[in-house]
There are 2 protein chains.
Amino acid sequence: MAKKLSIRDIANELNISKTTISFILNGKAREKRISDVLTEKVLKYVAEKGYKPNQLAKSLSTGKTMIIGLMVEKISDYFFAQMAYHVEELAYDSGYKILYCSTDNDLLKTRELISLFRDRHVDGYIITPPAGLEKDVQALIDDGLPVVLFDRYFEDVDSSYVVLDNYKASYDAVKYLTQKQFKNIGFIELDSDQSQMKDRRNGYLKALQESDLVPMVLRVPFSNSPDKTMKHLIDFIEQNKNMDALFFATNYLAFEGVKALGKLKFKIPQDMAVIAFDDHQAFDIYTPTITAVAQPIDELAKKSIHTLLNMLNSQSTVYKQEKVIVPANLIIRDSTEKNNL
Amino acid sequence: MAKKLSIRDIANELNISKTTISFILNGKAREKRISDVLTEKVLKYVAEKGYKPNQLAKSLSTGKTMIIGLMVEKISDYFFAQMAYHVEELAYDSGYKILYCSTDNDLLKTRELISLFRDRHVDGYIITPPAGLEKDVQALIDDGLPVVLFDRYFEDVDSSYVVLDNYKASYDAVKYLTQKQFKNIGFIELDSDQSQMKDRRNGYLKALQESDLVPMVLRVPFSNSPDKTMKHLIDFIEQNKNMDALFFATNYLAFEGVKALGKLKFKIPQDMAVIAFDDHQAFDIYTPTITAVAQPIDELAKKSIHTLLNMLNSQSTVYKQEKVIVPANLIIRDSTEKNNL
DNA sequence: CTGAAAGCGCTTACAG
DNA sequence: CTGAAAGCGCTTACAG
């Protein structure tokens, strides 16, 4: 490999100092009152030779890496994959690159990953935190590192975050069902106390309460195999014969639920209406199409990056911690439209 | 932020040289014949203080960043998202981190991204190259940088790659249809001359030829809107009334195709059998379930990382370029099983 | 067994 | 207007 050109080589070649070149390359020629002639000459030479400064050296001396650490629950999940795509695009537009990792919602793994990212001096963090990460997030903030939590937040930590309005989204979805005259609405959620789940549950409960309806809730253990989840679902459906609608707290649960309903020979929506939280491509092609609470992922990504960039561009390291709550869209499809049949 | 401990601080504190500490930290204590007592002392101190070496400084002096550049077509696509997840896991196991980006299959964008990754001195590359990237891949190889192409390859470039056996997978899928007595099998592909598409098309043509059947091929322009794609599909289906089976070269096309068939009131598989290339979660829950050619993504990811790690661990920078071809699995579901009805 | 010193390739406070 | 020098925090060839 042809040895890469360094700033020193250029300095020698052009018989000027590294300092001058560095100033010119960093757009400080004017500020440092370097002659236009010299500036031109250096810029021309650099363009000709295709010189690119070594970012490692630059980072070591400035302390900035221009890298954002993106820690999502699982990059392969539809929601996080979309998020990653949008975040990447916006970050690159601002000159930042993305180092990513999946936490698998595992506390110890996440701690390890934060430590790795710190060793690499990433400039800022976008994190979907697993339960129990409060102290670690606080530690990042205390150390003056820009952090934006995403998808969920901690009530006890004063951090920036960008989340969906899970409570209202869930409330609206259930309200829609009650308006459609469904009376026995089951809720199927993950066994998790993270904010996003809690808010979804509370929205459901609130909407039922307003109509004097009785809650029926199934909590599916987090780390269940698909088979076990299926069994839980089937039991739940069979034990609540009077149910006429099911609200699933995640799209994954909805997939399993729809399969379970199929096995039990339930017709959707005649025998059971279905709404899923978190939209998915597949909901639009399935027959019947599935009504879903859609998260505006591009919007969530945009707000996350903007919030982070604001912190990165701030002079102080005591950041204003911004809380951003984004409304969801209820996308009505066939799985709730009994009357259209 | 509490100033981070550096190797120099430790040297001062312990009254020994940075050299000695560096040797101990890098596991060269034995080799450098440093006393066990001193080694212990240093290790203990470091553990106590939670000292972590600055990776930037380390990278600058060793020239290794322990970062792999992952350049996929689009991180949000199911296939690439899965790939990213598996690659990440395996890379982290070997101490590597992942810097990722989406090429959008855009040649200029990809060139720009390679340049950015080079500036950051990533140690190796996994790339799903867009058409036209031959010279750039060759340049990386010539400069002694480890590169593994993924999902597609260039016939004219002697590079490592890991790809599916697209030709055989496609041939087998069509062969399956002919054995099922389908006689008029249409093929719907993207208008692309990249290796993966070409191999899929050729496998289809070969299988038809062996049964003396007539090809019917629709090429959908790459950058079409969904609406336009839909129109192409509907026209194609209407103009070929005799078709009894459709083979889609990508899962995205299959989604659109299934929608189109729905609009035209075709029943699957009675009026039209369907096979999709590249499996998708949704194919298993759709009614009827969709037969698909599945790519073993974990296997592809594993081979890619292993191939790259072999190069990274090699002494020489003139690497043996490995070509890995992975077989696909035909997953038979309801959309091809007329006789079961 | 251990350390002083040079080097990786940048930036920037300071001096003139 | 421009440059010599110190510094970022590591590694390692060399010397003893």
Side-chain angles (χ1 to χ4, degrees), chain A residues 1-43 45-46 49-67 118-123, chain B residues 1-43 45-46 49-67 118-123:
Chain A
M1 164 169 176
K3 197 167 159 329
K4 265 194 85 174
L5 212 59
S6 83
I7 201 170
R8 176 208 301 261
D9 300 328
I10 302 179
N12 287 339
E13 194 64 36
L14 261 37
N15 268 314
I16 51 178
S17 81
K18 293 190 299 170
T19 309
T20 306
I21 299 174
S22 176
F23 285 153
I24 293 173
L25 257 30
N26 288 304
K28 297 189 183 163
R30 274 270 138 67
E31 179 187 332
K32 298 294 179 180
R33 306 167 55 80
I34 291 166
S35 71
D36 287 356
V37 185
L38 189 55
T39 304
E40 270 313 307
K41 185 173 161 193
V42 169
L43 255 23
Y45 186 86
V46 160
K49 296 287 184 180
Y51 165 75
K52 299 283 193 104
N54 180 330
Q55 295 296 325
L56 288 171
K58 195 164 184 165
S59 295
L60 182 59
S61 79
T62 60
K64 295 280 154 224
T65 51
M66 298 301 282
I67 290 181
R118 290 196 69 153
D119 296 346
R120 303 224 164 232
H121 292 238
V122 306
D123 289 343
Chain B
M1 162 168 176
K3 196 164 160 332
K4 265 195 84 172
L5 212 60
S6 82
I7 201 170
R8 175 207 302 259
D9 300 328
I10 303 179
N12 287 339
E13 194 64 37
L14 261 38
N15 268 315
I16 49 178
S17 81
K18 294 188 299 170
T19 309
T20 306
I21 300 174
S22 175
F23 285 153
I24 293 174
L25 258 30
N26 289 303
K28 298 191 184 160
R30 273 271 138 66
E31 177 187 332
K32 298 292 179 180
R33 307 169 54 82
I34 291 165
S35 72
D36 288 355
V37 185
L38 189 55
T39 302
E40 270 313 307
K41 184 171 163 197
V42 169
L43 254 23
Y45 186 84
V46 160
K49 296 287 184 179
Y51 166 75
K52 298 284 192 106
N54 181 329
Q55 294 296 324
L56 288 172
K58 196 163 184 165
S59 294
L60 182 59
S61 81
T62 60
K64 295 279 153 224
T65 51
M66 298 302 281
I67 291 181
R118 290 196 70 153
D119 297 345
R120 304 226 163 232
H121 291 237
V122 306
D123 289 343

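Order of the sequence lines fixes the chain letters, A, B, ..., with proteins taken first and strands second; residue numbering starts at 1 for each chain. These numbers were taken from a predicted model, which means no experiment stands behind them.
Comparing atom distances between the A/S35 side chain and each of C/dT2, D/dT11, D/dC1 picks out D/dC1 as nearest. If you check C/dT2, D/dT11, D/dC8 against the side chain of B/R8, the one that comes closest is D/dC8.
Put simply, CZ on B/R33 is 17 Å from C1' on C/dG3, counting in whole angstrom units. Note: CD1 (B/I7) to P (D/dT12) measures 11 Å, nearest angstrom. Atom pair B/E31:CD and D/dT11:P shows a separation of 13 Å (rounding to whole Å applied). Atom pair A/K18:NZ and C/dT11:P shows a separation of 10 Å (rounding to whole Å applied). Distance B/I10 CD1 to C/dG3 P: 14 Å, rounded to the nearest Å. When rounded to the nearest whole Å, the span between NZ of A/K32 and C1' of C/dG16 equals 14 Å. Between B/L25 atom CG and D/dT11 atom C1' there is a gap of 12 Å when expressed in whole angstrom units. As a whole-Å value, the separation of A/F23 CZ from D/dA5 P is 16 Å.
The stretch residues 54-63 of chain A comes close to DNA chain D through A/L60, A/S61, each having a heavy atom under 4.0 Å from the strand.
Within the 4.5 Å cutoff, the side chain of A/T19 has no heavy atoms near those of the A/K32 side chain.
Interatomic distance, CG of A/N12 versus NZ of A/K18, reported as 9.5 Å (0.5 Å rounding). Here the CG-CD1 distance, from B/L25 to B/I10, works out to 7.0 Å after rounding to the nearest 0.5 Å. Rounded to the nearest 0.5 angstrom, B/D119 CG and B/H121 NE2 are separated by 7.0 Å.
Look at A/K28 and you'll find a side-chain N or O under 4.0 angstrom from OP1 or OP2 of C/dT12. For B/Y51 and D/dG9, the shortest distance from a side-chain N or O to OP1 or OP2 is not below 4.0 Å. OP1 or OP2 of D/dG3 sits under 4.0 Å from a side-chain N or O of A/S17. When the side-chain nitrogen and oxygen atoms of A/T20 are compared with OP1 and OP2 of D/dG3, one or more of them lie within a distance under 4.0 Å. Remark: B/S22 is not in phosphate contact with D/dC10, judged by side-chain N or O atoms under 4.0 Å from OP1 or OP2.
Here the closest heavy-atom approach between residue B/S59 and residue B/T65 is recorded as OG-CA, 3.5 Å.
A distance of about 22 Å separates the P atoms of C/dC1 and D/dT12, rounded to the whole Å.
The only option from A/I16, A/V42, A/V46 that meets the side chain to side chain contact (heavy atoms under 4.5 Å, CB included) definition with A/I24 turns out to be A/V42.
Checked by atom type, the side-chain pair B/N26/B/K58 shows a donor-acceptor distance below 3.5 Å.
Using modelled atom types, one side-chain atom of B/D9 and one backbone atom of B/S6 make a donor-acceptor pair closer than 3.5 Å.
Ranked by how close their nearest DNA chain C nucleotide is to the 5' end, B/N15 and A/I21 are led by B/N15.
Partner assigned to D/dC1 is C/dG16, using Watson-Crick or G-U wobble distances below 3.5 angstrom.
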